[in-house]
S.K.: 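Questions regarding the structure given below will be posed in turn.
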Amino acid sequence: MKAQCLDGDRLSIRTSLRSTPDAVSETLREVRVRLNDMPPLDCLDSTWEVIVAEVLNNIVEHAYDDSHTGEIDLTLLFGPTTMNAEFIDYGRAMPNGTLPCPRDADLDVPRADLPEGGFGWMLIHTLASHVEYRHDGGSNRLALELRLDTKS
Amino acid sequence: MQLTRQTRSGLEMITVDADRIDAAVAIQFKDRMRELLADASGRFVLNLERVDFIDSSGLGAIVAAMKLMPPGAKLELAGLSPAVDKVFRMTRMDSIFTIYPSADTALSA
């Protein structure tokens, strides 16, 4: 992981990780350590981590079909008010070449029918101020922007 | 993933001794909950005070555990950190669980 402080108030992080749930976990822990070393970014709430986790998990599970052999290139740029993230993978494209558009799950159902999944894209779309996706030759590129909040 | 079950003040409390419930541990969490809830009856409280991060896989695993409860038994939640609470609220899953601010308030409820 390469972390670089830019202009005193922005942090750029670049890393590559294997497409495994453990690597996703470790990467997020490491990003947290880097943020903790750079006030005021140490005071960010966890929304950046939720959205980055959801996109990475989606790549692990769907673009690479849980094969655990893929590579993901991750770039995060934390500024004073926004985070920009870019995810590049070399796996399968999104169905129809576009981002899934989730519907709100129906929670007014018997306990046995409550949804156990499908929350990921809902969280991504709710949290991000902008998301774009492109499948280009052999790679998928997803970029998003998130407004940052501090811990309350 | 370490989960401990204790009987406290007449209710069963399962404490998650981990800082994350994410995709890396979701299956393990679900399996362990299945073992701990095998003979469930009455009120169970899942104590999340030590958990400071959850993703949608972790959330799904908690919902799956709740669905394992036999009729008449109930899984409640306690001690959600702001980060965990936010994920429950954004997915509206806060509406299907009884949630206590802390393990202590769950015990006295």
Side-chain angles (χ1 to χ4, degrees), chain A residues 17-29 31-32 36 43-62 66 68 100 102-128 149-152, chain B residues 1 18-31 33-34 37 40 44 48 50-77 80-99 101:
Chain A
L17 61 143
R18 283 280 290 280
S19 62
T20 73
D22 285 331
V24 170
S25 232
E26 279 159 35
T27 300
L28 294 170
R29 280 179 196 277
V31 174
R32 256 204 222 193
N36 285 339
C43 290
L44 293 180
D45 80 355
S46 62
T47 50
W48 71 267
E49 191 167 355
V50 172
I51 202 166
V52 174
E54 296 304 338
V55 176
L56 290 175
N57 289 341
N58 186 69
I59 294 170
V60 169
E61 283 169 41
H62 299 295
D66 278 319
H68 297 185
R103 279 166 300 163
D104 265 2
D106 185 4
L107 303 184
D108 193 15
V109 293
R111 184 154 87 178
D113 298 332
L114 283 169
E116 294 173 32
F119 308 117
W121 282 107
M122 201 274 279
L123 288 169
I124 294 166
H125 286 291
T126 307
L127 290 169
D149 251 326
T150 48
K151 287 173 195 164
S152 45
Chain B
M1 151 154 289
D19 59 352
R20 311 170 69 87
I21 308 179
D22 61 11
V25 296
I27 291 172
Q28 222 186 325
F29 173 85
K30 229 186 304 189
D31 289 347
M33 286 295 279
R34 188 173 289 121
L37 296 173
F44 271 66
L48 296 169
R50 290 182 197 162
V51 179
D52 65 10
F53 180 77
I54 193 168
D55 63 12
S56 64
S57 305
L59 175 72
I62 293 179
V63 176
M66 187 260 259
K67 289 162 71 171
L68 292 172
M69 302 298 280
K74 218 179 151 203
L75 184 67
E76 303 174 340
L77 308 177
L80 278 60
S81 67
V84 174
D85 180 62
K86 192 162 184 176
V87 170
F88 271 83
R89 278 189 288 111
M90 281 192 300
T91 55
R92 294 181 297 126
M93 280 295 161
D94 57 336
S95 65
I96 63 158
F97 287 95
T98 302
I99 300 176

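Basis for what follows: all heavy atoms, side chains included, without hydrogens, waters or symmetry-related copies. Please read all numbers here as calculations on a predicted model, not as lab measurements. Numbers restart at 1 for each chain; the letters A, B, ... are given by sequence-line order, proteins then strands.
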S.K.: Under a 4.5 Å heavy-atom cut-off, does chain B meet the side chain of A/Ala53, its backbone, both or neither?
M.R.: side chain
S.K.: Rounded to the nearest 0.5 Å, what's the gap from CG on B/Leu37 to CE on B/Met66? Could you check?
M.R.: 12.0 Å
S.K.: Does a salt bridge link B/Asp22 with A/Arg29, judged by any charged N lying under 4.0 Å from a carboxylate O?
M.R.: no
S.K.: If you measure from CG on A/Leu44 to CG on A/Asn36, what distance do you get to the nearest 0.5 Å?
M.R.: 9.5 Å
S.K.: What part of A/Val24 gets within 4.5 angstrom of chain B, counting heavy atoms only: side chain, backbone, both, or neither?
M.R.: neither
S.K.: Would you compute the distance between atom CG of B/Asp85 and atom CE of B/Met90 and round it to the nearest 0.5 angstrom?
M.R.: 10.0 Å
S.K.: Chain A: which of B/Ala83, B/Ser81, B/Gly60, B/Ala61 shares the most heavy-atom pairs with it under 4.5 Å?
M.R.: B/Gly60
S.K.: Under a 4.5 Å heavy-atom cut-off, does chain B meet the side chain of A/Leu127, its backbone, both or neither?
M.R.: side chain
S.K.: A/Thr126: which residues meet the side chain to side chain donor-acceptor pair (under 3.5 Å) condition with it, sequence neighbours left out?
M.R.: none
S.K.: Testing the basics here: between B/Met1 and B/Gln28, what is the closest heavy-atom pair and its distance to 0.1 Å?
M.R.: N-NE2, 2.6 Å
S.K.: Please classify the contact between A/Thr47 and chain B as side chain, backbone, both or neither, with a heavy-atom cut-off of under 4.5 Å.
M.R.: side chain
S.K.: Please classify the contact of B/Ser95 with chain A as side chain, backbone, both or neither, using a heavy-atom distance under 4.5 Å.
M.R.: side chain
S.K.: Let me know if A/Asn57 has heavy atoms under 4.5 Å from chain B in its side chain, its backbone, both or neither.
M.R.: side chain
S.K.: Checking heavy atoms, do the side chain of A/Asp104, its backbone, both or neither come under 4.5 Å from chain B?
M.R.: both
S.K.: Show your working on side-chain contact (heavy atoms from CB on, under 4.5 Å) between B/Met33 and B/Lys30 and close with a plain yes or no.
M.R.: CA-CA 5 Å; B/Met33 286 295 279; B/Lys30 229 186 304 189; 5.8 Å; no
S.K.: At a heavy-atom separation under 4.5 Å, does A/Glu54 approach chain B through its side chain, its backbone, both, or neither?
M.R.: side chain
S.K.: Among the options A/Ser46, A/Ala23, A/Ser25, pick out the one with the most heavy-atom pairs lying under 4.5 Å from chain B.
M.R.: A/Ser25
S.K.: Take B/Asp55 and A/Val50 through the test side-chain contact (heavy atoms from CB on, under 4.5 Å) and record every step on the way to the result.
M.R.: CA-CA 6 Å; B/Asp55 63 12; A/Val50 172; 5.9 Å; no
S.K.: Where does B/Arg92 contact chain A at under 4.5 Å (heavy atoms): side chain, backbone, both or neither?
M.R.: both
S.K.: Can you check side-chain contact (heavy atoms from CB on, under 4.5 Å) on B/Leu77 and B/Met93, steps first, answer last?
M.R.: CA-CA 11 Å; B/Leu77 308 177; B/Met93 280 295 161; over 6 Å; no
S.K.: Sort A/Leu114 into side chain, backbone, both or neither according to what part of it lies under 4.5 angstrom from a heavy atom of chain B.
M.R.: both
S.K.: Please look at B/Ile54 and chain A and tell me whether the side chain, the backbone, both or neither of the residue comes under 4.5 angstrom of a heavy atom of that chain.
M.R.: backbone
S.K.: Could you walk me through whether A/Phe119 and B/Val87 pass the side-chain contact (heavy atoms from CB on, under 4.5 Å) test, one step at a time?
M.R.: CA-CA 10 Å; A/Phe119 308 117; B/Val87 170; over 6 Å; no
S.K.: Non-hydrogen atoms of chain A under 4.5 Å away: do they reach the side chain of B/Asp19, the backbone, both or neither?
M.R.: side chain
S.K.: Please rank A/Gly118, A/Gly117, A/Ala105 by heavy-atom pairs under 4.5 Å with chain B and give me the top one.
M.R.: A/Ala105
